[in-house]
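Below you'll find the structure, written out as structure tokens, and then a few comments.
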Amino acid sequence: MPAMTTLNPADDAFLARLPAALLRPATPADLEEPRGRWTGQGAAVARPASVDEVALILRACAAARVGVVPRAGGTGLVGGQVMPEGPAPLILSLERMTALRGSWPDEGVIEVEAGMVLADVQAAAEAAGRLFPLTLASQGSARIGGLLGTNAGGVNVLRYGNARDLVLGVEAVLADGSVLHGLKRLRKDNTGYDLRHLLIGSEGTLGVITAASLRLFPRPVAEGAALFVVPGPEAALRLLALAEDRLPGMVSAFELIHRQGLDFLRETMPDLRQPFAAPPEWMVLVDLGLPAGLDPAEELATLYEAAGDLVTDGVIAQNGAQRADFWALRESIPLANRRIGAVSSQDVALPPTLFPAFIAEARAALAEIGPFRVNCFGHLGDGNLHFNVFPLAGRRREEDAPLAGAVKTCLHDIVHRLGGSISAEHGIGRAKVGDLERYGDPAKLAAMRAIKAALDPMGILNPGAVLRG
């Protein structure tokens with residue numbers, strides 16, 4: 001694969017070859033990522049309004065050997081949306097491609113352009129009497145193209161799967177400007193390689209997704225939630241198994257929450273109401289979506305009774321507002337983390353039954369590096385754990401910054417040895433390129449490089465992301 005240095009900058013001479021109506025100057029917001037860890041570069045942003053305009057732009061970039069950084073909502077946490085080094089790229093924003101192209105409620109399909117914000121996709125599905133279940137904290141700004149590019153997860157993976165499980169077809173523009181017309185609404189299509197799944201999760205390095213056919217689901221008739229105090233992760237796993245046995249296919253989310261997250265909430269958001277006077281060491285948020293004839297509060301109460309010593313206390317939402325309060329608590333934890341300031345934040349995946357062993361081993365290993373606070377929480381139901389390491393109270397993150405590399409390597413070594421993944425749902429971006437090289441299977445990496453070279457021989461698509469130039 002050609003090195004990034006073989007590319008040319010998107011300078012004034014190059015920009016003059018593009019229609020002026022498609023360009024606007026780059027603003028500081030176009031060059032930022034949420035954590036402030038990288039600042040990108042690029043003088044101009046291309047704003048196509050159609051797939052043909054995306055194709056025109058990519059043909060021009062290919063001819064001039066100019067790098068392209070696709071940008072959706074800019075909410076990614078691994079630096080995939082900014083390019084801090086190398087020849088200045090053209091930033092490609094799909095902010096004008098927000099159309100709802102079609103809706104087929106009886107088929108359970110909606111067709112949207114890649115620039116549509118996730119909350120608007122959810123609203124369009126609701127207007128059709130259906131549910132689009134991808135749900136995450138940034139849904140008010142994250143765009144479908146970026147979510148598919150990173151194979152986003154969110155809180156409902158347990159029931160509905162990752163982003164790739166919600167896609168029937170994609171339309172995309174490849175590096176040479178050719179258009180992949182893959183917007184099919186088919187559940188079955190065995191006509192050769194499935195390029196849809198190749199593009200989903202590729203973070204804009206193999207092509208630019210411009211539209212997608214998305215799966216819709218029946219809306220649950222009733223929804224409910226409970227916060228149950230559990231003795232530890234082992235009990236939480238057994239409770240999850242019990243819940244799924246008693247309510248098969250109806251558990252929408254099952255979130256594990258540690259006391260440290262609740263302490264951070266009290267410290268940074270004291271006005272946020274918490275359900276327990278004394279924060280428990282461990283608790284879970286159980287969310288249900290039920291058909292007609294079942295009452296969520298009653299089903300959760302029955303689960304509580306059946307759980308025995310797996311649950312020591314609990315609060316069951318009696319209405320939608322209380323359920324929303326429970327989710328507000330869970331979804332505020334990442335914001336509290338940012339306000340405290342982490343030394344190292346890891347988003348890992350493991351077989352759920354290995355969570356207890358990982359947590360215990362990781363804590364012990366970290367103690368050998370230094371004294372830290374650990375906020376461990378996440379989607380227990382689908383094996384995704386957020387393991388965030390913080391300085392002790394009274395210390396600033398900058399004081400422990402020299403230990404960040406050792407902390408990350410320590411945690412990733414354990415995850416790798418246990419057969420897990422060092423990137424559960426945010427992707428590789430630029431932040432984890434070295435980690436992918438360290439822990440990735442050699443045959444897989446060789447295949448990835450061969451695919452990249454075949455589809456993007458000049459390396460113009462999101463240079464430096466996922467794979468080194």
Side-chain angles (χ1 to χ4, degrees), residues 26-42 69-85 89 91 93 117-118 136-143 146-147 149-155 203-204 260-261 264-265 267-269 330-349 372-379 384-391 395-412 415 421-436 462 464-466:
T27 68
D30 298 313
L31 307 177
E32 297 171 351
E33 53 84 36
R35 294 180 176 176
R37 297 181 179 180
W38 299 277
T39 298
Q41 54 177 332
V69 175
R71 188 174 180 90
T75 60
L77 299 179
V78 290
Q81 71 276 56
V82 292
M83 181 178 162
E85 300 174 346
I91 300 169
S93 172
V117 171
L118 175 55
L136 35 76
S138 61
Q139 61 196 34
S141 53
R143 300 179 188 273
L147 294 169
T150 55
N151 187 30
V155 299
E203 302 185 51
Q260 188 64 71
F264 283 169
L265 288 173
E267 181 177 344
T268 62
M269 290 175 249
R330 162 62 181 86
E331 292 176 346
S332 296
I333 292 174
L335 177 57
N337 284 347
R338 286 194 288 273
R339 291 179 178 178
I340 295 293
V343 176
S344 180
S345 297
Q346 303 307 320
D347 179 60
V348 301
F372 300 107
R373 292 178 291 176
V374 173
N375 186 12
C376 171
F377 68 103
H379 320 308
N384 179 192
L385 188 66
H386 304 293
F387 199 93
N388 302 325
V389 180
F390 298 83
R395 289 180 62 85
R396 294 178 296 107
R397 175 175 59 185
E398 291 75 16
E399 296 178 76
D400 289 333
L403 301 177
V407 168
K408 182 179 76 168
T409 299
C410 166
L411 296 175
H412 283 183
V415 168
S421 168
I422 53 98
S423 179
E425 62 178 348
H426 293 294
I428 297 298
R430 291 172 175 80
K432 296 188 176 184
V433 171
D435 300 308
L436 179 63
N462 215 359
V466 183

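Quick caveat: nothing in here was measured; it's all calculated off a predicted structure.
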Check: [X] side chain, [Y] main-chain N or O, donor-acceptor pair, under 3.5 Å:
X      : Y      : value
Glu203 : Thr150 : no
Asp347 : Glu425 : yes
Arg430 : Gly79  : yes
Arg397 : Val343 : no

Can you see which heavy atom on [X] is nearest to which on [Y], and at what distance?
X      : Y      : result
Ala336 : Met269 : N-CE, 3.6 Å
Asn384 : Ala424 : ND2-CB, 3.1 Å
Pro70  : Gly204 : CG-O, 4.0 Å
Ile91  : Ala26  : CD1-CB, 4.4 Å
Gly76  : Pro34  : O-CD, 3.1 Å
Pro391 : Gly341 : CD-O, 3.4 Å

Applying side chain to side chain contact (heavy atoms under 4.5 Å, CB included) to Val374 and Phe390, what does each step give before you reach the verdict? CA-CA 6 Å; Val374 173; Phe390 298 83; over 6 Å; no

Go through it in stages, so that I can follow the logic: the residues are Ser344 and Gln346, the test is side-chain hydrogen bond (donor to acceptor under 3.5 Å, both in side chains), and I'd like the CA-CA distance, side-chain angles, deciding distance and then a yes or no. CA-CA 7 Å; Ser344 180; Gln346 303 307 320; 2.7 Å; yes

If you round to the nearest 0.5 Å, how far is [atom2] of [Y] from [atom1] of [X]?
X      : Y      : atom1 : atom2 : result
Ser345 : Arg338 : OG    : CZ    : 9.5 Å
Leu265 : Arg339 : CG    : CZ    : 9.5 Å
Thr268 : Ile340 : OG1   : CD1   : 5.5 Å
Cys376 : Gln260 : SG    : CD    : 11.0 Å
Ser138 : Leu118 : OG    : CG    : 7.5 Å
Glu33  : Thr39  : CD    : OG1   : 8.0 Å

Could you check Val407 against Phe372 for side chain to side chain contact (heavy atoms under 4.5 Å, CB included), going step by step and ending with a plain yes or no? CA-CA 10 Å; Val407 168; Phe372 300 107; 3.9 Å; yes

Is there a side-chain contact between [X] and [Y] (heavy atoms, below 4.5 Å)?
X      : Y      : result
Ser421 : Val415 : no
Phe264 : Asn375 : yes
Ile428 : Val433 : yes
Val82  : Glu32  : no

Report the C-alpha separation of Leu31 and Trp38 in whole Å, then their side-chain angles, then the decisive distance to 0.1 Å, and conclude whether the side chain to side chain contact (heavy atoms under 4.5 Å, CB included) test is met. CA-CA 8 Å; Leu31 307 177; Trp38 299 277; over 6 Å; no

Candidate pair Lys408 and Asp435, rule side chain to side chain contact (heavy atoms under 4.5 Å, CB included), full reasoning: CA-CA 10 Å; Lys408 182 179 76 168; Asp435 300 308; 3.2 Å; yes

The criterion is salt bridge (charged side-chain N to carboxylate O under 4.0 Å, His left out); which residues satisfy it with Glu399, sequence neighbours excluded? Arg395

May I ask you to decide if the ring planes of His386 and Phe377 are parallel, tilted or perpendicular, using 30° and 60° as cut-offs? tilted

State whether a side-chain donor-acceptor pair under 3.5 Å links Asn388 with Arg373. no

